[in-house]
Amino acid sequence: MYGQIVRDGLVNVTGIEDLGLTSPVLQRTSDAFFKEISPFLLHFGMFVPTIIGQCTPEQQAKWLPLAMDLKIIGTYAQTELGHGTFIRGLETTATYDASTEQFILKTPKLSSYKWWAGGLGKTANHCIVLAQLYTKGVCHGPHPFIVQIRDTETHMPLPGIKVGEIGPKLGFNTADNGFLGFEDFRIPRENLMMKNAQVTKDGTYVKVARHGKLTYGTMVFVRVMLVSDMAYCLAKAVTIAVRYSAVRRQSQPKPDQPEPQVLDYLTQQHKLFICISTAHAMKLTSTWLWNTFTGVLADMRDGNTDTLPELHALSSCLKAISTSDTSALIEQCRFACGGHGYMYSSNLPALYSFATATRTYEGDYTVLLLQTARFLVKSWEQMDEGKPLTPTLAYLEQSRNGSQVSWDDSPEGIVRGFDAVAAGRIGACVKSIRKHINNGMDYEDAWQMTTVQLVGAAEAHCRAVICRVYRDETARLTAGCSPGVKAVLDQLSTLYLLYWALERTGDLLRFSSLSERDIENLQARYEALLLKIRPNAVGLVDAFDFRDEVLMSTLGSYDGRVYERLMEEALKTPLNREPVSDSFHKYIKPMMQGKL
Ligand SMILES: CC(C)(COP(=O)(O)OP(=O)(O)OC[C@H]1O[C@@H](n2cnc3c(N)ncnc32)[C@H](O)[C@@H]1OP(=O)(O)O)[C@@H](O)C(=O)NCCC(=O)NCCSC(=O)/C=C/CCCCCCCCCCCCC(=O)O
Ligand SMILES: Cc1cc2nc3c(=O)[nH]c(=O)nc-3n(C[C@H](O)[C@H](O)[C@H](O)COP(=O)(O)OP(=O)(O)OC[C@H]3O[C@@H](n4cnc5c(N)ncnc54)[C@H](O)[C@@H]3O)c2cc1C
């Protein structure tokens, strides 16, 4: 099994390398080899980006060619058995020994063991290790080190290294996630990645970065990438589910009528068409976020970190919401395919297990939304002090006078409605925190007592950002399209707004003049729009243009031969190699004869 995985991974990687392509393409093409992920994903997805983001030019000149030519294979080992979210609580230490100009790595107890790094179990021979940096008796917090853990010739773990595979998981089972422990393991001083902080030969710590959190930069990059990845995963899942729903005929709503395609049921359209819209919404938002990200990087290259807090807040909530929505909607696609959606050969289980993992790794959902909430509350307080708001929070101004937004069910009006909900929920959080403080709580406790509302406020902010970006980008990109294409894409973006307006009627009643009659109108418009989209549903998923080799699905193949493919796959299963399993003779027959 593992051997096949590595072979396929290398065919994929070397094929991409020969074509001179980059890691996102690796992620895309690896889908033709793996239903889950390549064992080399962490190498290209985090090890290489960390060398680029955390190393000096001299260090990059040494390590980057080795990594890009696969002369070394790396991963990213930050999480430990005892800590994943709380990076400042990581227990692995790197203590500088000036007499030898080395760092001594230690995992002082079991909970300090690195745990989870993809590819660490059996594939990688190097890794990025986040460890608490000690020099001259002072701890300077977690810093990144590049560490060789295996002999590049024999692949044996180096002396002082304990490494292995963590065992089966819900998914990601082609990633050999591993554990790693250090017993007084020495590395050269130069293996501290020194772009943002340095240690001189005599052990003096020199802070270089203009911002205290640049060590967390790789995580911001991956969070930005994952929004795009989620769009891609959801597009695959809804392609499978819509194509299957066009093939599947079931039940008889009208006597003496043939069984209809299940795609003709309004409830099926309700399950699936939001998935098509959301895939588009996430893709357009991910491109917008990527452009924001590259803009902030450019600012930081000019020494300006002022735009980093907003990027952190955006990448945190968009990663949280895109992964949460995608996990839920891929499961909805599975539900829409009945029993056959539960078959591994449908590929929906693997897509779900990948997406639901992404809701956790690279930053847990709740934790990241609270990071965004921290930025929202700070922005509200700055607005109160008359300071300017960042672009994505301009809508807070409308809440300054506290007047209720009048409901307008045009697409632009619905977008403004979501702005009002976000502003209202952030304001309610600020009010709650201030109430608790006035009642004698300190700020930290007042914050903790408001965290349920803060998570909701961050989600509302994120939803408002997605709605606005999706609406604006659709208008911009369809300006040059044919009327027919423009009409269909406008239907999808309007469906997204109507769907979420109906999901959030409580908030809209609270923070806008939405009435019960307005809700009835929204529901009627939504249902009518589902019917309008139905004729184009298969064409819309075909437009995602997934080859069968990438979709890897008995239910979603282009030719629609679902039952034949299900049976073909069933007959391949090892249990069907012999008509009678030897377990019959060993166990069942003796049991039937009372001999067990
Ligand atoms: C942020 C934490 C939760 C807390 O950190 P802490 O140090 O305690 O800070 P705070 O006290 O909370 O805040 C202090 C201030 O710092 C600001 N801050 C915090 N973080 C950042 C940041 N990242 N950037 C900037 N600023 C930041 C914060 O706002 C405060 O500011 P202020 O005082 O309010 O002004 C932190 O502990 C944390 O981040 N925890 C989460 C841990 C985590 O994310 N771990 C990830 C481990 S690695 C992992 O999980 C790997 C998984 C496998 C990945 C596989 C996929 C990889 C490749 C994907 C490539 C896909 C390609 C496909 C492309 C395509 O589809 O096209
Ligand atoms: C498939 C997979 C692959 C991974 N790959 C890697 C890898 O390659 N490299 C790597 O370093 N790591 C990796 N990880 C680890 C991953 O980054 C962590 O699991 C993730 O960051 C969550 O941290 P945790 O496990 O400590 O969860 P915890 O934070 O312990 O979460 C447990 C609960 O505590 C809650 N919680 C925690 N802190 C707070 C708070 N401040 N306020 C409110 N609630 C809170 C969470 O919301 C959650 O409900 C991987 C994980 C998975 C699942």
Side-chain angles (χ1 to χ4, degrees), residues 22-28 30-31 36-38 40-50 74-90 114-120 124 127-130 141-142 166 169-173 175-178 180 211-233 235 282-283 286-287 290 296 300 305 307-313 315-316 319-320 353-354 356-379 447-448 451-452 454-455:
T22 58
S23 68
V25 178
L26 169 74
Q27 171 75 2
R28 302 285 72 90
S30 69
D31 289 3
E36 294 182 346
I37 76 162
S38 162
F40 300 98
L41 180 63
L42 263 293
H43 176 81
F44 285 104
M46 293 197 79
F47 183 71
V48 168
T50 305
T75 182
Y76 184 90
Q78 172 176 297
T79 302
E80 296 169 353
L81 263 175
H83 289 90
T85 284
F86 187 46
I87 298 173
R88 285 186 287 131
L90 290 175
K114 295 300 178 185
W115 188 274
W116 272 115
L120 176 63
C127 61
I128 308 296
V129 173
L130 270 290
I166 65 173
K169 306 164 292 267
L170 171 62
F172 255 67
N173 285 302
D176 66 295
N177 299 82
L180 173 64
H211 189 285
K213 297 301 175 183
L214 297 187
T215 303
Y216 296 4
T218 302
M219 292 181 282
V220 176
F221 162 72
V222 174
R223 290 167 191 159
V224 169
M225 299 299 275
L226 289 173
V227 182
S228 170
D229 222 12
M230 289 299 100
Y232 180 81
C233 282
M282 295 295 175
K283 187 60 190 169
S286 71
T287 303
W290 174 256
V296 171
M300 293 203 296
T305 58
T307 50
L308 181 57
E310 182 173 43
L311 172 67
H312 171 51
S315 58
S316 292
K319 184 269 181 187
S353 69
F354 177 81
T356 194
T358 311
R359 191 185 191 277
T360 298
Y361 69 62
E362 219 58 63
D364 161 82
Y365 173 84
T366 304
V367 167
L368 292 184
L369 285 180
L370 288 172
Q371 283 293 306
T372 301
R374 180 171 174 151
F375 176 74
L376 298 175
V377 168
K378 282 188 77 169
S379 298
W447 172 270
Q448 282 303 327
T451 43
V452 171
L454 286 162
V455 167

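The residues of the chain are indexed from 1 along the displayed sequence. Worth knowing before you read on, the calculation uses all heavy atoms, side chains too, and leaves out hydrogens, waters and symmetry mates. Start at 1 and go down the list; that is how both ligands and their atoms are numbered.
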Check your understanding: Do any heavy atoms of Lys169 fall under 4.0 Å from ligand 2?
Key ->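 False for this residue.
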
Report, in ascending order of atom number, the atoms of ligand 2 lying under 4.0 Å from any heavy atom of [X].
| X | result |
| --- | --- |
| Asp364 | 46 (C), 47 (O), 48 (C) |
| Leu370 | 42 (N), 43 (C) |
| Ala357 | 1 (C) |
| Leu42 | 8 (O) |
| Thr79 | 10 (C), 11 (O), 12 (N), 13 (C), 15 (C), 16 (C), 17 (O) |

Practice item. Report the part of Thr75 (side chain from C-beta onward, or backbone N, CA, C, O) that has a heavy atom under 4.0 Å from ligand 2; answer both or neither where that applies. Key: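 Answer for Thr75: neither.
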
Of the listed options ([options]), which comes nearest to [atom] when hydrogens are ignored and any heavy atom counts?
| atom | options | result |
| --- | --- | --- |
| atom 7 (O) of ligand 1 | Met230, His83, Lys213 | Lys213 |
| atom 11 (O) of ligand 1 | Arg223, Glu310, His312, Arg88 | Arg88 |
| atom 23 (N) of ligand 1 | Phe172, Phe44, Trp290, Tyr216 | Tyr216 |
| atom 37 (O) of ligand 1 | Leu90, Leu370, Thr85 | Thr85 |
| atom 60 (C) of ligand 1 | Met46, His43, Met225, Met219 | Met225 |

Review point. Does an N or O anywhere in Glu362 fall below 3.5 Å from an N or O of ligand 1?
Key: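 Yes, Glu362 has an N/O under 3.5 Å of an N/O on ligand 1.
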
Review point. Hey, is ligand 1 close enough to Gln78 that some N/O pair sits below 3.5 Å?
Key: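 Such a contact does occur with ligand 1.
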
Check your understanding: What closest approach, in Å, do Ala117 and Tyr76 show between heavy atoms, and which atom pair accounts for it?
Key ->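 Heavy atoms of Ala117 and Tyr76 come nearest at CB-O, 3.4 Å.
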
Practice item. Using the test ring-ring contact (aromatic ring centres under 6.0 Å, His included), find all partners of Tyr361 that sit at least two apart in sequence or belong to another chain. Key: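 Partners of Tyr361 under the ring-ring contact (aromatic ring centres under 6.0 Å, His included) test: Phe172.
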
Point to revise | Partners meeting salt bridge (charged side-chain N to carboxylate O under 4.0 Å, His left out) with Lys114 (sequence neighbours left out) | key: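 Listed in chain order: Glu80.
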
